[in-house]
Amino acid sequence: MPPRSQLTEAPPYAVEETIKKLGASLRTARLRRNITLADMAAKLGVSRYVVADAEKGKVTTNVAVYVGMLWAMNLLNHMELVADPAHDEEGLALSVFDERERARQKGGLSNDF
């Protein structure tokens with residue numbers, strides 16, 4: 001048996017809460033559409049227990065189940081914003097800084113005016 005991941009054994013609070021919120025939101029969306037656990041599971045090709053675990057926010061549930069549930073309920077278009085590089089302000093700032101540092105190390109920038 002492979003070793004257990006520290007992320008699944010003791011996830012950071014923010015990770016655990018985000019997954020629980022996602023699961024609860026997926027459950028609400030499923031119920032609003034009058035889709036049973038069994039119907040959702042059949043559409044995804046998993047057991048109803050897997051869908052129930054996702055709705056409970058179980059951290060060991062495969063991310064494909066969460067994304068599959070979004071797809072089954074026509075909510076997948078909302079995923080395009082998750083980790084969108086265009087909205088990653090910190091990453092963009094670091095990228096610009098890194099480019100400036102590389103240019104400076106290559107001698108590409110000059111203080112001669």
Fill in: Under 3.5 Å: donor-acceptor pair, side chain of S95, backbone of G91
no
Worksheet item: Going by heavy atoms in the side chains, are V82 and M79 under 4.5 Å from each other?
Response: yes
Item to complete: Compare every heavy atom of T36 with every heavy atom of R30, then report the nearest pair and how far apart it is.
Response: NH1-C, 3.6 Å
Discussion item. side-chain contact (heavy atoms from CB on, under 4.5 Å), that's the test. Do M40 and L37 meet it? Break it down for me.
Written reply: CA-CA 5 Å; M40 178 62 74; L37 277 173; 5.9 Å; no
Worksheet item: Taking atom CD of E90 as the centre, does the number of heavy atoms from other residues, nucleotides or ligands within less than 6.0 Å exceed 12?
Response: no
Which pairs of donor and acceptor atoms, one on a side chain in residues 56-76, lie under 3.5 Å apart (sequence neighbours left out)?
residue : atom : partner : partner atom : Å
T61     : OG1  : K58     : O            : 3.2
N62     : OD1  : A64     : N            : 2.7
Y66     : OH   : K58     : O            : 3.2

Response to the item:
d(S25 OG, E55 CD) to nearest 0.5 Å is 10.5 Å
Response to the item:
To the nearest 0.5 Å, atom CZ of R27 lies from atom CG of L22 at 14.0 Å
